[in-house]
There are 2 protein chains.
Amino acid sequence: MLLDVICNLDFHFTPEDLQTALADQGCNMALTTIYRNLPSLENAGIIRRTTFMEEQERGASTYEHIWGKPHHDHLLCQNCGQKIEFQYDALEVLQEEVARQHGFTLLRHHMELVGLCPQCQESAP
Amino acid sequence: MLLDVICNLDFHFTPEDLQTALADQGCNMALTTIYRNLPSLENAGIIRRTTFMEEQERGASTYEHIWGKPHHDHLLCQNCGQKIEFQYDALEVLQEEVARQHGFTLLRHHMELVGLCPQCQESAP
DNA sequence: CTGTTATTGCTAATGATATGCAATACGTAG
DNA sequence: CTACGTATTGCATATCATTAGCAATAACAG
Ligand SMILES: [Mn+2]
Ligand SMILES: [Mn+2]
Ligand SMILES: [Zn+2]
Ligand SMILES: [Zn+2]
């Protein structure tokens, strides 16, 4: 059930979002159970924790469904909270380059770009 | 005193690290007070919160002294926790490019590269 | 059907951070 | 310096996300 609900969510979600989505399907799962299962799903490569430094002040961490989807990073609007997913291979290549320069083997990265979306640039200039 | 201690720390620190460093100088400051003053120092551009997704699981957030220092990002060793600071202008340029492609005005970013340092590559291959 | 093991829910513990408030330090006008 | 209003502290307590303990329940295998 948990897996099913996760696969049908297309946006980033918190453990509580999952509980709500499950409840909508008639499945009442304790939050504790959800918290207990998230690490397994993460290790299995089905979800990824995407807690953004930008929104970290207070509040639960967020995850996203990544099974079968290509890697992407995020662009966030500081004002409206909108999240845009992007892929930019040249960036990934440069990250590898930085790691190599320091003799590191790069395993993964977390990159978030924070700015103002087109709409928010106008309304709050 | 707080400001003084921060300026003499050259590594990333937690609020508790600050308390310890202050105590070493003979100044006993309540943790509450430190927590209360960190946001001001951050707004003033003296420190920056650098909580890494990599070490976020449990534990306090970390800050670093940035006043007068040029911008940098971090390369972390997953195994030994070592942090390396780097500047790589080409990366920053590409980040701007991504933002522009989506009509965003880029304000800041958070990037952490996680991998294995040279030493840890040998000991845990 | 029955004993064995894995998963759940409930409740209470943790640990970082925030808040209420009274006590103290500070800065300034007299 | 001296008294008073304001800003800053410390202490105790609240919050809130996440975890742990444990007994109840479901899943599984023979
Ligand atoms: Mn995403
Ligand atoms: Mn740094
Ligand atoms: Zn916006
Ligand atoms: Zn290492």
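Not measured: the values here are computed from a predicted model. Residue numbers start from 1 in every chain, and the chains themselves are labelled A, B, ... in the order their sequence lines are given, proteins ahead of strands.
A side-chain N or O of A/H109 and one of A/Q95 form a donor-acceptor pair less than 3.5 Å apart.
Aromatic ring pairs are classed by plane angle as parallel below 30°, tilted from 30° to 60° and perpendicular above 60°; the pair A/H72 and A/H12 is tilted. The aromatic rings of A/F52 and A/H110 are tilted relative to each other, their planes meeting at an angle between 30° and 60°.
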Dump the pairs, protein N or O against N or O of nucleotides 9-17 of chain C, anything under 3.5 Å, distances to one decimal.
{"from": "C/dG9", "atom 1": "OP1", "to": "A/N28", "atom 2": "O", "distance (Å)": "3.2"}
{"from": "C/dG9", "atom 1": "OP2", "to": "A/A30", "atom 2": "N", "distance (Å)": "3.0"}
{"from": "C/dG9", "atom 1": "OP2", "to": "A/T33", "atom 2": "OG1", "distance (Å)": "2.6"}
{"from": "C/dG9", "atom 1": "N7", "to": "A/R36", "atom 2": "NH2", "distance (Å)": "2.9"}
{"from": "C/dG9", "atom 1": "O6", "to": "A/R36", "atom 2": "NH1", "distance (Å)": "3.3"}
{"from": "C/dT17", "atom 1": "OP1", "to": "B/S61", "atom 2": "N", "distance (Å)": "3.3"}
{"from": "C/dT17", "atom 1": "OP1", "to": "B/S61", "atom 2": "OG", "distance (Å)": "2.8"}
{"from": "C/dT17", "atom 1": "OP2", "to": "B/Y35", "atom 2": "OH", "distance (Å)": "2.1"}
{"from": "C/dT17", "atom 1": "O5'", "to": "B/Y35", "atom 2": "OH", "distance (Å)": "3.4"}

_One pair to check against side chain to side chain donor-acceptor pair (under 3.5 Å): B/T50 and B/T62. What are the steps and the verdict?_
CA-CA 6 Å; B/T50 53; B/T62 62; 3.2 Å; yes
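Here the side chains of A/M111 and A/L91 are in contact, with some heavy-atom distance below 4.5 Å.
Applying the salt bridge (Lys or Arg N to Asp or Glu O under 4.0 Å) definition to pairs two or more places apart or across chains, none involves residues 10-24 of chain A.
If you walk DNA chain D from 5' to 3' and mark each nucleotide with an atom closer than 4.0 Å to a heavy atom of chain B, the marks span D/dT9 to D/dA12.
Here the options are A/E55, A/E112, A/E54, A/E64, the test is salt bridge (charged side-chain N to carboxylate O under 4.0 Å, His left out), and the partner is A/K83; only A/E55 passes.
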